[in-house]
Amino acid sequence: MKSYRVLSELSELSELETYLKSCEYVAFDTETTGLNPRKDKVIGFSVTGIEGTGYYVPFYNFNVDSAELESLEFLDSCQTVFELLLTKKLIMHNASFDCRMMRANFNLNLIPALYCDTIVLKHTVDEDMPFGLKDIAKRIQNEIGLDVTKAANEEQVAMVASIKQNGGSITKDKYELYKADLKLIGEYACADTDLTLRIFNYYSTILKREGLERFFYKDEVMPLLKEVTIPMEERGVPVDVSALQCAQEEIILDIAKLEKNILDKISPYLPDFERWYLGKNYPPRRSGEFAQKLAEYARLPLPKTKSGRLSLSKSALESCLPNKYAEYLLGGEYLDDHEVLAVSKLCWQDSGSPAIINLLSKHHLKRLFFKILNEKSINKTPTGQPQADTVFLESVRSKYDFVPLLMDFNKLNKLKSAYIDRFLSEQDSGIFYPRFQQHRTVSGRYGGDLMQLPRPLEPGQASEVVTKYTNMIRKFFISGSGYKFIDADYESLEPHVFAHVSGDEGLKDIFRSGKDFYSSIAIATENLNGVSADKKSDNYLGKVDKPLRQKAKAYCLGVPYGLEAFKLSTMLNNSPEECEELIDNYLSAYPKLKSWMEVSNEQCKKFGTVRSEAGRVRHMKKAAAFYHQDRGIYALFDSKGNLYDALTLWKKHHKNESSYKNMKWKRKQMKNYLNNAKNFQIQSLAASITNRACIAISRELRRQGIDGYVCCQIHDQIIVRLPEQESVRFSKTMQYLMENVYKISLPLSAPAQIASDFYEGH
DNA sequence: CGGGCGAGCGCC
DNA sequence: AAAGGGCGCTCGCCCG
């Protein structure tokens, strides 16, 4: 039986204190007025130390009569409880949020007491979605012995009813939980901490069983969260607001200019487009918008209704006879095509859109290219639709003078909406608070909103206007006065890790000799003579035959991640046979790479898990299930245990459409698992190297008492923000740590630069 | 009108 | 007949 207590009297606090004293592990959760720690209030918190129990301490109550939050006496009397919390092992679900909320509201730093975040705990033993508290609980409800589904539904219904009754809003963007009845909030808050504790207990057993405790608590996950992630999200990065505003104004003008130019140039094709568009959106009708506009167009002498529209009643229309338009509206069949078009256009004009073709709509562009201009698409989307993507546009670039403009138009719009507009609208007093989520990728990389900052372009790589705005984006992030950034990128981290993980001495030697990775592989694979992989040599491949090096770039990492001859042939414009040979030669040149790939496949099939050298596990239960359940006619594997190729599968099953479809889907999944198993070992180790460097850097900053922090991590790049006077000295320390905290069999290099924005030094 | 989704494109 | 991994964000469009 569950027993949740919602405190109402100050005297009850001592009960809570006794409860806390008796528990070692305590689940903790805040209830708030919103998601912004800098603006929103903590209205109360709940704790659970024993499954099935919980306490809620309310700080605010929503007064329905005054429609205001009123503060309660617990607000000033919680010091003892707060201090007690700091002595516990706290369990939270999405701890970054609660920790930042508590510090912003009460200047209480819970990070030192934070023991486990159940989101990253769940992620460490099960990387796949979902990660919401209740969603996780639903998945394991049999194991934890609760009907979470039922309880969650009831809770949802009760909360929504209460919020609505008290005049609150329940939309996704504005969910005013704090307006629900206090008692209800309190009980459900306790239910949440109860779930959190149960989830913790459940996954802790698995963590231990899988030997992941050290990886989780000591080496990476929790230290990264406590010492890097939360501080990073809490402090944010300054942005240059006025530069953002200028850029926004400017790019709007440049986009408008491009749009006008494009519309002028495509005007010969627009009548065809218009016919299609109007016919689709405003087809002839005897009622509604079209009928109204038709009556207007025909100037029918009709009386007006109260709402100001023309009355299309039978008697009114009959009084207009004889008239072909009135006849049509009364049920007649005939209406002239060009008149239909004219009326549709009147309807469209009312919509107020500036142009009939929307250059942002892929739908519209596809119509233009594939139906009106009768071009053939190059690629198809996964759903079989023709694609009007950059590959296609590139192919018709010289054929139509508007296409280069359209490509620029696309890029500029992307830069505007994804970067300029977003950073401007989300910045808060000149600080952008990025998210860094440790559970969003299977590899243990961060997921977040700073991961896709465009990399700067060299002059000539793109048109002038695109280069201008692309190179602006990283400059918006500034260190601010008195502060500097130290910005350090690992030099080709993923290729280094790849060479290390493969265990192939030939691959490793490339880096040991300081030669160019792609050129070396091209020379070894294709038996090239008279060229060198030495970047300083006169006959350096990258200099004397750049396309050959580019070719190698396409397959060096692609092949180990599962790239096959057919796909490669489309990338290189070679025959599949040639590519088959190329791949064979590549793998023969580096025999350990080949055997590593085979071992990885075996591991994935037989056990359904792979482990990165740093200790993270990728769980692929289904891969092992496919392999071990593999029987008879529906087998995915041949007698040697190799995945059937697509052609064999087709031969075996194409006569039965549905089972072929099913087998194809299964094979695709299995192939994906096999590829992912290989990719994971490399990507995940690279992520661990960067993550552990971040932890070491944060610790060193703290040890030296420097007011600095890791403010951004983008896969193989770490940016620290710190006081200017410390920057030069600490940059050496930072570089040393990045190159040395996690040792692999090759030396790593991470040159550190001092900068005042994210662009400098690139 | 909000949610969901496909398509496209940005990053490593 | 098929066609490299990991992501996030934005858009337009569709649907209830």
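Lettering follows sequence order; numbering is per chain, from 1.
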Classify the nucleic acid contact of [X] as base, sugar-phosphate or nothing, counting any heavy atom under 4.0 Å across all strands shown.
| X | value |
| --- | --- |
| Q683(A) | base |
| Q387(A) | sugar-phosphate |
| Y660(A) | sugar-phosphate |
| H364(A) | sugar-phosphate |
| Q717(A) | nothing |
| N358(A) | sugar-phosphate |
| L360(A) | sugar-phosphate |

Distance, rounded to the nearest Å, where [X] contributes [atom1] and [N] contributes [atom2]:
| X | N | atom1 | atom2 | answer |
| --- | --- | --- | --- | --- |
| K651(A) | dA2(C) | NZ | P | 14 Å |
| F498(A) | dG5(C) | CZ | C1' | 13 Å |
| L359(A) | dG8(B) | CG | P | 16 Å |
| H439(A) | dG6(C) | NE2 | P | 17 Å |
| F436(A) | dG8(C) | CZ | P | 13 Å |
| L643(A) | dA1(C) | CG | C1' | 14 Å |
| D716(A) | dC7(C) | CG | C1' | 14 Å |
| L365(A) | dG6(B) | CG | P | 20 Å |

| said: My validator wants the stems of DNA chain C: runs of 3 or more consecutive Watson-Crick or G-U pairs, both distances under 3.5 Å, written as range with range. | reply: B:1-12 with C:5-16
| message | Give me the atom names and distance for the closest heavy-atom approach of I378(A) to S395(A). | response | CD1-OG, 3.4 Å
| field | With F517(A) via ring-ring contact (aromatic ring centres under 6.0 Å, His included) - residues at least two apart | value | F511(A)
| In chain order, what residues pass the ring-ring contact (aromatic ring centres under 6.0 Å, His included) check against Y282(A), with sequence neighbours excluded? | none
Would [X] and [Y] count as a close aromatic pair, with their ring centres under 6.0 Å?
| X | Y | answer |
| --- | --- | --- |
| F423(A) | F476(A) | no |
| Y644(A) | F637(A) | no |
| Y469(A) | Y419(A) | no |
| H439(A) | F131(A) | yes |

| Hey, which of these two, D421(A) or V442(A), hits DNA chain C nearer its 5' end, going by closest nucleotide? | V442(A)
Under-4.0 Å side-chain N/O to phosphate OP1/OP2 contact, [X] with [N]:
| X | N | value |
| --- | --- | --- |
| N413(A) | dC11(C) | no |
| N676(A) | dG6(C) | yes |
| R435(A) | dC9(C) | yes |
| S417(A) | dC9(C) | no |
| T381(A) | dA7(B) | yes |
| H363(A) | dA7(B) | no |

Could you list the donor-acceptor pairs under 3.5 angstrom formed between side-chain atoms of residues 407-414 of chain A and any protein atom two or more places apart in sequence or on another chain?
from	atom 1	to	atom 2	distance (Å)
D408(A)	OD1	S463(A)	OG	3.2
D408(A)	OD2	S463(A)	OG	2.9
N413(A)	ND2	F409(A)	O	3.1

| query | So, are K551(A) and E526(A) salt-bridged, with charged N and O less than 4.0 Å apart? | reply | yes
| field | Candidates R440(A), K622(A), K621(A), R618(A) - the one meeting salt bridge (Lys or Arg N to Asp or Glu O under 4.0 Å) with D128(A) | value | R618(A)
Check nucleotides 1-5 of chain B for protein N or O atoms closer than 3.5 Å to its own N or O atoms and list the pairs.
none

| Among all residues two or more places apart in sequence or in another chain, which pass the side-chain hydrogen bond (donor to acceptor under 3.5 Å, both in side chains) test with T648(A)? | D645(A)
| query | Under the side-chain hydrogen bond (donor to acceptor under 3.5 Å, both in side chains) test, which residues partner H715(A), sequence neighbours left out? | reply | none
| task | Report the nucleotide, chosen from dA2(C), dG4(C), dC9(C), that has the shortest atom-to-atom distance to any side-chain atom of A646(A). | result | dA2(C)
| Near DNA chain C, under 4.0 Å by heavy atom, which residues of residues 665-675 of chain A? | R667(A), N672(A), N675(A)
For residues 489-499 of chain A, please give each side-chain donor-acceptor pair under 3.5 Å, one per line with the distance, not counting sequence neighbours.
from	atom 1	to	atom 2	distance (Å)
D489(A)	OD1	Q717(A)	NE2	3.4
Y490(A)	OH	M738(A)	O	2.7
E491(A)	OE1	S749(A)	OG	3.1
S492(A)	OG	H496(A)	ND1	3.3
E494(A)	OE2	Y561(A)	OH	2.8
H496(A)	ND1	E491(A)	O	3.4
H496(A)	ND1	S492(A)	O	2.7

| query | Taking the side chain from H364(A) and the backbone from N358(A), do they hold a donor-acceptor pair closer than 3.5 Å? | reply | yes
| task | Please list, chain by chain and in numerical order, all residues satisfying side-chain contact (heavy atoms from CB on, under 4.5 Å) with D757(A), sequence neighbours excluded. | result | K475(A), I478(A), Y759(A), E760(A)
| said: The criterion is salt bridge (Lys or Arg N to Asp or Glu O under 4.0 Å); which residues satisfy it with K134(A), sequence neighbours excluded? | reply: E155(A), D192(A)
Considering only nitrogen or oxygen atoms on both sides, find all protein atoms under 3.5 Å from nucleotides 9-11 of chain B and state each distance.
from	atom 1	to	atom 2	distance (Å)
dC9(B)	OP1	T390(A)	N	3.4
dC9(B)	OP2	T390(A)	N	3.4
dC9(B)	O2	K414(A)	NZ	3.2
dG10(B)	OP1	K411(A)	NZ	3.2
dG10(B)	OP2	K411(A)	NZ	3.1
dG10(B)	N2	Q452(A)	OE1	3.4
dC11(B)	OP1	R455(A)	N	2.9

